[in-house]
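Keep in mind that this is a model prediction, so the values were computed, not measured. Letters A, B, ... are given to chains in the order of the sequence lines, protein chains preceding strands, and every chain is numbered from 1. All values below come from the heavy atoms of this structure, side chains included, with hydrogens, waters and symmetry mates left out.
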Protein chains: 2
Amino acid sequence: MLTKKKQLLFQKQAEIAKAIAHPLRIAIVDFLKDGEQCVCDIAEYVGSERSNVSRHLAVMVKAGVLECRKEGLKVIYKLKTPCILDFFSCTAECLKQQLKDTEKLLSAL
Amino acid sequence: MLTKKKQLLFQKQAEIAKAIAHPLRIAIVDFLKDGEQCVCDIAEYVGSERSNVSRHLAVMVKAGVLECRKEGLKVIYKLKTPCILDFFSCTAECLKQQLKDTEKLLSAL
DNA sequence: TCATTATGTGAGTACATAATCACATAGTCA
DNA sequence: TGACTATGTGATTATGTACTCACATAATGA
């Protein structure tokens, strides 16, 4: 049976997972892997309204995935825990596996 | 600007992230890290209704995180892409980092 | 001070998700 | 066959999330 301690840990982990579980937020993380960026450049890159992007960024900051600092008028965001990028290689493996499964199915025709 | 190809990739990646972005589903993945299990044992471990657990399992199978096979009356689930466990060490790092930040704040009092 | 620019936020709407209950399905064994 | 067990699914309800628009805030520089 699940301990209270573990339940709390899983809760926290789920929050971090939720923070990146959105196409736009994945795009943002991918954009930031090469260095920090301001909101306006992020918004232009992902092709969405600034207010919307701002909200997504706030979610990721709250979860501890990103951090930000002010620089004049701009607010600059960057990855706080770059290990989050490792997740991408895992998803790549998942997708490759799915492709293999589909190939197997097709070859059985 | 985001290419169509990348948008599709990010969509797929977000689906995988979503599939584990829930405390109960994290608990299930954690439970399965030591080996395959049937629905009834999973349900008992996480302490939720079987029908609910069944639905969560279906979501993770659809995303390619888990796979299952029938064995008599039981359906046995296991991790399909164990690299998903790497995500856990990253969340641990995120949480440690958050702890450090809080300590810093407190020491400034 | 005023206009401008970058960012964040409140409110409303639309949509997605989770949990529950009752029921359906499928396999097992007497 | 009929009772039993494990699992999955339809319908419903409650809750959470994403997006948009209008507006608020904050920093800059003429």
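- In this structure, NZ of B:K74 is placed 10 Å from C1' of D:dT5, rounded to the nearest angstrom.
- Whole-Å rounding puts the A:I42 CD1 to C:dG8 C1' distance at 14 Å.
- Between the C1' atom of C:dC23 and the CZ atom of B:R50 lies a distance of 16 Å, rounded to the nearest Å.
- Distance NZ (B:K62) to C1' (D:dG8): 16 Å, rounded to an integer number of Å.
- Considering all non-hydrogen atoms of both residues, B:G64 and A:Q98 come closest at CA-NE2, 3.7 Å.
- When each of D:dT20, D:dT7, C:dA26 is scored by its nearest atom to the side-chain atoms of B:V39, the top-ranked nucleotide is D:dT7.
- B:A17 and A:I20 get closest at one heavy-atom pair: CB-O, 4.3 Å.
- A donor-acceptor contact under 3.5 Å is formed by the side chain of A:R55 with the base of D:dT20.
- When the shell of 6.0 Å around NZ of B:K80 is examined, it contains more than 12 heavy atoms from other residues, nucleotides or ligands.
- Regarding contacts with the backbone of D:dG8, a side-chain N or O of B:Y77 is found under 4.0 angstrom from either OP1 or OP2.
- Ring pair A:Y45/A:F31 is parallel by interplanar angle, where below 30° counts as parallel and above 60° as perpendicular.
- One interatomic measurement links the two molecules: CD of B:E71 to P of C:dT28, which rounds to 10 Å at whole-angstrom precision.
- Rounded to whole angstrom, the span from the CZ atom of A:R69 across to the P atom of C:dG8 amounts to 14 Å.
- Within the structure, a side-chain polar atom (N or O) of A:N52 is placed less than 4.0 Å from OP1 or OP2 of D:dC19.
- The nearest whole Å value for the distance from the CG atom in A:L73 to the P atom in C:dG8 is 12 Å.
- With D:dA22, C:dA22, D:dT7 as the candidates, the nucleotide lying closest to the side chain of B:V75 is D:dT7.
- Rounded to whole angstrom, the span from the CD atom of A:E49 across to the P atom of D:dC19 amounts to 10 Å.
- The two residues B:K78 and B:E36 come nearest to each other via the heavy atoms CB-CB, 3.6 Å.
- At a threshold of 4.5 Å between non-hydrogen side-chain atoms, the residues A:C40 and A:R50 count as touching.
- One hydrophobic cluster, built from ILVMFWY side chains closer than 4.5 Å, cannot hold both B:I16 and B:V59; they sit in different ones.
- Close to C:dA19, at under 4.0 Å from its OP1 or OP2, lies a side-chain N or O of B:H56.
- DNA chain C is contacted by B:K18, B:H22, B:R25 of residues 1-29 of chain B, taking any non-hydrogen atom closer than 4.0 Å.
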